[in-house]
Amino acid sequence: MKTRNLLLAFLAFTFFSVSAQNDGPDYTHGIRAWWSNAGLFNDGDQIPSSGDSKSGFYVGTFRTTKIVPLLHWYKGLEYQQMGAKVDDDNFRNLHYISLPTALRLKLGPVFAQAGIAANFKVGESITALGEDVKTDDNKAEWYDFPWHTGLGLKLGPITVDARYHWGLNDIDDTGVRNQYFQIGAGISF
């Protein structure tokens with residue numbers, strides 16, 4: 001199941017990335033950043049159950065390309081923070097470089113989008129009772145493939161959007177998956 005989900009995510013990412021290589025005049029570049037709220041989930045339940053979500057930030061660049069008048073292709077490159085927190089002495093921090101890609105349906109200034117990302121882990125720490133407890137046995141996989149949906153508003157060069165992401169694959173051997181919410185703003189140029 002894990003291998004199948006990983007293969008499907010990779011094929012979808014590759015297909016959509018290759019099919020959106022239009023460098024015509026109907027594209028914009030920009031930067032996007034703000035706040036994210038992440039958690040770790042097992043079978044739909046947040047873990048640890050007594051813990052809080054992990055607040056963090058994300059920052060990145062993006063490009064949108066018009067496919068047809070109402071349909072746009074979105075792709076980006078972002079740094080983001082994820083993980084989970086019980087308290088100040090018990091937490092897991094995850095840091096990823098993300099390659100999000102999505103289809104965006106735009107009606108006037110409002111848009112809805114759905115897509116997938118390839119996230120590559122660039123850092124991790126696991127702390128229990130104030131001590132570093134990360135080992136080769138409990139560290140997260142080097143990759144994550146979440147899908148997302150979102151809504152946004154684009155007024156001139158300013159975009160404000162919100163997205164929710166669900167991990168498609170387990171990030172460790174215990175069935176844990178990332179889920180996270182992003183709210184942010186971007187500027188196009």
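Nearest heavy atoms, Q80 versus S98: NE2-CB, 3.1 Å. Here the closest heavy-atom approach between residue L155 and residue P109 is recorded as CD2-CB, 3.8 Å. Residues K121 and A140 approach most closely at NZ-O, 2.7 Å, considering heavy atoms. V68 approaches K66 most closely through the heavy-atom pair O-CG, 3.2 Å. The heavy-atom pair separating Q81 from S36 by the smallest distance is O-OG, 3.5 Å. Between G30 and T61 the shortest heavy-atom distance is O-OG1, 2.9 Å.
Rounding to the nearest 0.5 angstrom, the gap separating the CG atom in D172 from the CG atom in N138 is 8.5 Å. Considering OH of Y164 and OH of Y180, their distance stands at 10.5 Å, rounded to 0.5 Å. Once rounded to the nearest 0.5 Å, the distance linking CZ of R177 with CZ of F41 reads 12.5 Å. Between the CG atom in D161 and the CD atom in Q113 there is a gap of 6.5 Å [rounded to 0.5 Å]. Interatomic distance, I31 CD1 to S188 OG, rounded to the nearest 0.5 Å: 9.5 Å. For the atom pair CZ of F120 and CG of L99, the computed distance is 5.5 Å after rounding to the nearest 0.5 Å.
Remark: side-chain polar atoms of Y58 are paired, donor with acceptor, to backbone N or O of G184 under 3.5 angstrom. No donor-acceptor pair closer than 3.5 Å links the side chain of D144 to the backbone N or O of N119. Remark: side-chain polar atoms of D45 are not paired, donor with acceptor, to backbone N or O of I47 under 3.5 angstrom. When atom types are taken as modelled, the side chain of N178 and the backbone of I171 share no donor-acceptor pair closer than 3.5 angstrom. Side-chain atoms of K106 come within 3.5 Å of backbone atoms of G108 as a donor-acceptor pair (strictly under, hydrogens ignored).
Side-chain polar atoms of T135 and D137 form no donor-acceptor pair below 3.5 angstrom.
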Apply the test ring-ring contact (aromatic ring centres under 6.0 Å, His included) to residues Y79 and F57: give CA-CA distance (whole Å), side-chain angles for both, the deciding distance (0.1 Å), then the verdict. CA-CA 8 Å; Y79 164 78; F57 73 92; 5.6 Å; yes

Could you walk me through whether M82 and Y96 pass side chain to side chain contact (heavy atoms under 4.5 Å, CB included), step by step? CA-CA 8 Å; M82 287 186 247; Y96 289 96; 3.3 Å; yes

Could you go through the side chain to side chain contact (heavy atoms under 4.5 Å, CB included) check for D89 and T127 one step at a time? CA-CA 7 Å; D89 290 329; T127 301; 5.7 Å; no

Assess the residue pair L103 and W73 against the criterion (side chain to side chain contact (heavy atoms under 4.5 Å, CB included)); give the C-alpha distance rounded to whole Å, side-chain angles, the decisive distance to 0.1 Å, and a yes or no. CA-CA 5 Å; L103 285 174; W73 184 249; 3.1 Å; yes

Pair K154, H72 - check side chain to side chain contact (heavy atoms under 4.5 Å, CB included), show working. CA-CA 13 Å; K154 181 167 175 42; H72 296 248; over 6 Å; no

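Hydrophobic clustering keeps F91 apart from V133 (ILVMFWY residues linked when any side-chain heavy atoms are closer than 4.5 Å, directly or through intermediates). With hydrophobic clusters built from ILVMFWY side chains whose heavy atoms lie under 4.5 angstrom apart, I183 does not share a cluster with L153. Under the 4.5 Å side-chain heavy-atom criterion for ILVMFWY residues, no single connected hydrophobic cluster contains both W34 and I158. At a threshold of 4.5 Å between side-chain heavy atoms, the hydrophobic network of Ile, Leu, Val, Met, Phe, Trp and Tyr places I97 and Y143 in one connected group. In the hydrophobic clustering of this structure, V110 does not group with V160; members are Ile, Leu, Val, Met, Phe, Trp, Tyr whose side-chain heavy atoms approach within less than 4.5 Å, directly or through other members.
The aromatic rings of W35 and F181 stand perpendicular to each other, their planes meeting at an angle above 60°, with 30° marking the opposite boundary. A perpendicular orientation is assigned to the rings of H29 and Y27, their planes being inclined by more than 60° (bins at 30° and 60°).
The side-chain contact (heavy atoms from CB on, under 4.5 Å) check on L129 picks up N90, with sequence neighbours excluded.
Among K139, R92, K134, the single residue meeting the side chain to side chain donor-acceptor pair (under 3.5 Å) criterion with E124 is R92.
The 12-atom threshold is exceeded at CG of D132, counting heavy atoms of other residues, nucleotides or ligands nearer than 6.0 Å. Within a 6.0 Å radius of CG in D87, other residues, nucleotides and ligands contribute more than 12 heavy atoms.
Both tests pass for R163 against the ring of Y74: distance under 6.0 Å to the centre and angle within 45° of the axis.
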